[in-house]
K.L.:
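One structure, as structure tokens, below. Some questions next.
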Amino acid sequence: MAITTQNPIAIVELCSTLRQLRQLHGHFLAAGVLLDPPLFAKFVAAVALSPKTPHHLPYSHELLSHSPHHASLFALNSMIRAHSKSSTPIKSFHFYRQILLADALSPDNYTFTFLIRACTQASAPEAGRAAHAAALRRGFLSDSHVQSGLIHMYAELGSSDAFRGIYAELQNPDLVTQTAMVSACAESGEIKLARQLFDEMPHRDVVAWNAMIAGYSHLGRSREALDLFGLMQVEGVRIGEATMVSVLTACAHLGALEQGKWVHVYVEKNKLRLTVTLGTALLDMYFKCGCVARAMDVFWRMKERNVYTWSSAISGLAMNGNGGKCLELFEQMKDDGVLPNEVTFVALLRGCSVAGLVEEGRDVFESMKSRYGIEPWLEHYGCVVDMYGRAGRLKDAISFIDAMPVEPHAGAWGALLNACRLHNNIELGEYAMKKMMQLELRNHGAYVSLSNIYAESRNWHGVSDVRELMKAKGVRKEPGCSVIEVDGQLHEFFVGNKSHPKYINIETTMKEMMSKLRSAGYVSRTNQVLFDIEEEEKEDALCWHSEKLAIAFGLMSLRDGVNIRIVKNLRVCWDCHETSKFVSKVFDREIVMRDRNRFHHFKDGVCSCMDYW
DNA sequence: CTAGGGTTAG
């Protein structure tokens, strides 16, 4: 685009380096464009909000401080807004102070809306209450956007009483405020109340619908999210980009590929712009449905990619076991000038871990602190332990734990425990378990891992001890559940659950399937059967694990050549994993299984995880 | 065309 003085804001958005911005500024200055205060304000705001360069915020700050006479309320509000979305939201107060100090200026409803949002972003309760008090003092509490901001803020801070109190005192909350309340209730787990408020709303626009759909999505109640989306279409509400993002999140969670593809087609048909957010949600959906190629296709088609986009892609590749590609993508991310954040590093470390790239992973972990100044979260430590452990370097894993500057959490010990299971180290496994117990954890996963370690070595005493322990501690195992999509319909299976309408056929298919597998050399192993089931039920239960039911159902329902795609809520057990490998070979059928941790792509009798998970 | 809803990891 040629630089003209007609479209200053559009040109700012095209700049990708600080130098370009400075040049542009000089150009506009020479042309006299920026003498017009409103235009100057817009320019500064555009610079501040420009996502391309990491230096945009300091630069716009600099522009403002060199032109005090141009520091209009509009410009300062925009700066507060820009900072509220940045990684340093609390700096918004700097501009708030500037407004207060300027004789000719005083804060308005916009100022408080942005300021409150900044406090929410920063999770800063004191600052938030101060902003609340100031807004009250200056009489802006009647503004619905201020109300909405406050409700969101207190929900984010976890003070349910506070946002309820605010809402209760309002005589006539309008659409915006009601929507905020729906979203706040959903966020604090009160989804029923949220739905009630939503249903009672006299008028509901796209935003309200979306708040409710997103509420379900966030709580993992994806089915309800999709149901509500269906209702929204029936009511003829215009579907927008944001709606699609929530719907895609729900599809991703469920592994509902058909519905997800439908969204993709809808987006293209209706020529919705593939914005960063929508594109990211779309590629994430494809990744979580196991469609790596499609996901990467969307990724490369996107015109703009932010840290979410890159992190999603890296994480998607990691989940699908492609660690080498993760590191490659990370290099490209850096070339692109996008700064990685904590989440990017979680994804990267997981990628190194699944691919056994220990040295690379260690470098990544080091550079995270030294180059990017990011303080590791507990998750990062857990990933490193997992990385060493998975590679069989249990000594490195344990010394890494010992050297952790923070108290090791259940995740770190859990990673070690899983490594002990993979590498049959009972002694260290027991030690890890003991450590976990001291953390008073109620997570059943650890008990299952330990039990499996005992079972591998046929130590049935150990197995029953763990079972007793679980009983004593009142830890219950979450029931295993597998979901399979057939013709766009999701079918749910639980262990030994016989309630499916086609159960008789499933049972027949299952028996045939197992006998075919046996003649192909499959031998069932009862040693990893979940130990909370009585002995005599073991053999039986093994045959009726939810993923096996789902596979049988897939075999009888899906045309030849269609992949069987299964989403499981827990980790897959050894026996089901083995069964899947055999099915993929004997029936010449690919199986894509997403478990709690990662993907397993079964083909020709081999799994993409190489039996390491 | 300054304001409410939406994206990543566990």
Side-chain angles (χ1 to χ4, degrees), chain A residues 9 38 41-42 44-46 48-49 72-82 84-85 108-117 140 143-152 173-184 186-187 198 204-215 217-218 225 240-250 252 275-285 287-288 302 305-316 318-319 340-351 377-380 382-383 386 409-411 414-415 443 596-597:
Chain A
I9 310 310
K42 279 192 187 169
V44 174
L49 297 169
S72 62
L73 185 59
F74 180 100
L76 290 166
N77 280 349
S78 299
M79 291 304 284
I80 297 178
R81 169 166 177 257
S84 77
K85 293 179 171 176
D108 64 1
N109 45 343
Y110 289 94
T111 313
F112 286 109
T113 306
F114 301 141
L115 198 61
I116 289 162
R117 192 167 65 196
F140 289 111
D143 182 280
S144 62
H145 288 277
V146 172
Q147 293 164 5
S148 161
L150 286 171
I151 290 170
H152 271 292
D174 78 351
L175 179 65
V176 171
T177 311
Q178 287 171 3
T179 303
M181 193 60 189
V182 166
S183 153
E187 192 189 322
F198 176 79
R204 294 179 294 229
D205 64 0
V206 211
V207 181
W209 278 92
N210 199 45
M212 193 64 231
I213 292 174
S217 262
H218 264 160
E241 183 198 337
T243 318
M244 287 317 200
V245 172
S246 293
V247 170
L248 284 169
T249 307
T275 57
V276 207
T277 313
L278 184 56
T280 303
L282 194 57
L283 78 90
D284 184 58
M285 182 278 295
F287 268 124
K288 290 195 172 142
M302 289 171 65
R305 304 177 191 93
N306 65 14
V307 62
Y308 281 78
T309 320
W310 288 97
S311 302
S312 297
I314 293 173
S315 148
M319 259 191 309
N341 67 13
E342 285 84 349
V343 178
T344 320
F345 282 102
V346 172
L348 267 172
L349 290 170
R350 292 202 66 191
W377 290 348
L378 286 168
E379 279 91 337
H380 297 109
C383 287
D386 186 65
H409 65 312
N443 163 11
R596 198 185 193 107
N597 265 353

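Note: hydrogens, waters and symmetry copies are ignored here, and every other heavy atom, side chains too, is used. The structure displayed is predicted, hence computed values, not measured ones.
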K.L.:
Please determine, for the side chain of A:R117, which listed nucleotide (B:dA3, B:dT2, B:dT8) has the closest atom?
P.N.:
B:dA3
K.L.:
How long is the span from the CE atom in A:M244 to the OG1 atom in A:T249, to the nearest 0.5 Å?
P.N.:
12.0 Å
K.L.:
Taking only N and O in the side chain of A:K288, is any of them less than 4.0 Å away from OP1 or OP2 of B:dA9?
P.N.:
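The answer is yes; a side-chain N or O of A:K288 sits under 4.0 Å from OP1 or OP2.
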K.L.:
Distance check needed: B:dT7 P versus A:N341 CG, whole Å only.
P.N.:
15 Å
K.L.:
In whole Å, what is the span from the CE atom of A:M319 to the P atom of B:dA9?
P.N.:
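Rounded to the whole Å, the gap is 6 Å.
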K.L.:
Looking at A:H218, I'd like to know whether one of its side-chain N or O atoms comes within less than 4.0 Å of OP1 or OP2 on B:dT7.
P.N.:
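Checking B:dT7 against A:H218, a side-chain N or O does come within under 4.0 Å of OP1 or OP2.
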K.L.:
Using a cut-off of strictly less than 4.0 Å, decide whether A:H380 has a side-chain nitrogen or oxygen near OP1 or OP2 of B:dA9.
P.N.:
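No, because none of the side-chain N or O atoms of A:H380 sits under 4.0 Å from OP1 or OP2 of B:dA9.
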K.L.:
Would you mind telling me which of B:dT2, B:dG4, B:dG5 lies closest to the side-chain atoms of A:N77?
P.N.:
B:dT2
K.L.:
Within the structure shown, what part of the strands sits under 4.0 Å from A:F345 by heavy-atom distance: base, sugar-phosphate, or nothing?
P.N.:
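Answer is nothing: A:F345 stays at 4.0 Å or more from every strand.
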K.L.:
Looking across every strand, which nucleic acid part, if any, lies under 4.0 Å from A:S312 by heavy atom: base, sugar-phosphate, or nothing?
P.N.:
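Answer is sugar-phosphate: A:S312 comes under 4.0 Å of backbone atoms only.
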K.L.:
State, to 0.1 Å, how close A:F114 and A:N77 come at their nearest heavy-atom pair, and which atoms those are.
P.N.:
CD1-O, 3.4 Å
K.L.:
Hey, mind stepping through A:T344 and A:W310 against side-chain contact (heavy atoms from CB on, under 4.5 Å) and telling me if it holds?
P.N.:
CA-CA 8 Å; A:T344 320; A:W310 288 97; 5.6 Å; no
K.L.:
Please give, in whole Å, the distance from B:dT2 P to A:K85 NZ?
P.N.:
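Answer to the nearest Å: 12 Å.
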K.L.:
Quick one: does A:S84's side chain have a donor or acceptor within less than 3.5 Å of a partner on A:R81's backbone?
P.N.:
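Such a contact is found between A:S84 side chain and A:R81 backbone.
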K.L.:
Should A:T280 be listed as having a side-chain N or O under 4.0 Å from OP1 or OP2 of B:dT8?
P.N.:
no
K.L.:
Can you tell me which nucleotide in B:dT8, B:dT7, B:dA3 comes closest to the side chain of A:V245?
P.N.:
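That would be B:dT7.
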K.L.:
Counting the atoms with a prime plus P, OP1 and OP2 as sugar-phosphate, which does A:S183 contact under 4.0 Å by heavy atoms, base, sugar-phosphate, or nothing?
P.N.:
nothing
K.L.:
Is the backbone N or O of A:G215 less than 3.5 Å from a side-chain atom of A:H218, with the two atoms forming a donor-acceptor pair by type?
P.N.:
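Judged by distance alone, no pair lies under 3.5 Å.
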K.L.:
Roughly how many Å is it from CH2 in A:W310 to P in B:dT7, rounded to a whole number?
P.N.:
22 Å
K.L.:
Taking atom P of B:dG5 as reference, at what distance in whole Å does atom CD of A:E187 sit?
P.N.:
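Taking atom P of B:dG5 as the reference, CD of A:E187 is at 10 Å.
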K.L.:
At less than 3.5 Å, do the side-chain atoms of A:D205 and the base atoms of B:dG4 form a donor-acceptor pair?
P.N.:
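Such a pair is found, so the answer is yes.
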K.L.:
Contact class for A:L175 (heavy atom, under 4.0 Å): base, sugar-phosphate, or nothing?
P.N.:
base
K.L.:
Which listed nucleotide (B:dT2, B:dT7, B:dA9) is nearest to the side chain of A:S315?
P.N.:
B:dA9
K.L.:
Counting any heavy atom closer than 4.0 Å, what does A:E241 reach on the DNA or RNA strands: base, sugar-phosphate only, or nothing?
P.N.:
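Since a base atom lies under 4.0 Å of A:E241, the category is base.
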K.L.:
Calculate the interatomic distance between A:N306 atom CG and B:dA9 atom C1'; express it in whole Å.
P.N.:
15 Å
K.L.:
Once you round it to whole Å, what is the distance between P of B:dT8 and CG of A:L348?
P.N.:
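Answer to the nearest Å: 18 Å.
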K.L.:
From CG of A:D284 over to P of B:dT8, roughly how many Å is that when rounded to an integer?
P.N.:
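Distance, rounded to whole Å: 6 Å.
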K.L.:
Which is true for A:W209 with a 4.0 Å heavy-atom rule: it touches a base, it touches only sugar-phosphate, or it touches nothing?
P.N.:
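Here A:W209 touches no strand at all.
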K.L.:
Side chain of A:T277 only, please: which of B:dG6, B:dT8, B:dA3 is the nearest?
P.N.:
B:dG6
K.L.:
Could you tell me whether A:A214 contacts a base, only the sugar-phosphate backbone, or nothing, with contacts defined as non-hydrogen atoms closer than 4.0 Å?
P.N.:
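Sugar-phosphate, backbone atoms only, no base.
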K.L.:
Contact class for A:V206 (heavy atom, under 4.0 Å): base, sugar-phosphate, or nothing?
P.N.:
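Answer is base: heavy atoms of A:V206 come under 4.0 Å of a base.
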K.L.:
Select one nucleotide: of B:dA9, B:dT2, B:dG4, the one nearest the side-chain heavy atoms of A:Y110.
P.N.:
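Selected nucleotide: B:dT2.
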K.L.:
Could you grab the distance from atom OG1 of A:T179 to atom CE of A:M212, nearest 0.5 Å is fine?
P.N.:
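If I round to the nearest 0.5 Å, the distance is 11.5 Å.
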K.L.:
Just checking A:T309: base, sugar-phosphate only, or nothing, at a heavy-atom cut-off of under 4.0 Å?
P.N.:
nothing
K.L.:
Give the nucleotide from the list B:dT7, B:dG5, B:dT2 with an atom nearest to the side chain of A:Y308.
P.N.:
B:dT7
K.L.:
Show the numbers, then the answer: is there a side-chain contact (heavy atoms from CB on, under 4.5 Å) between A:T309 and A:V276?
P.N.:
CA-CA 7 Å; A:T309 320; A:V276 207; 3.4 Å; yes
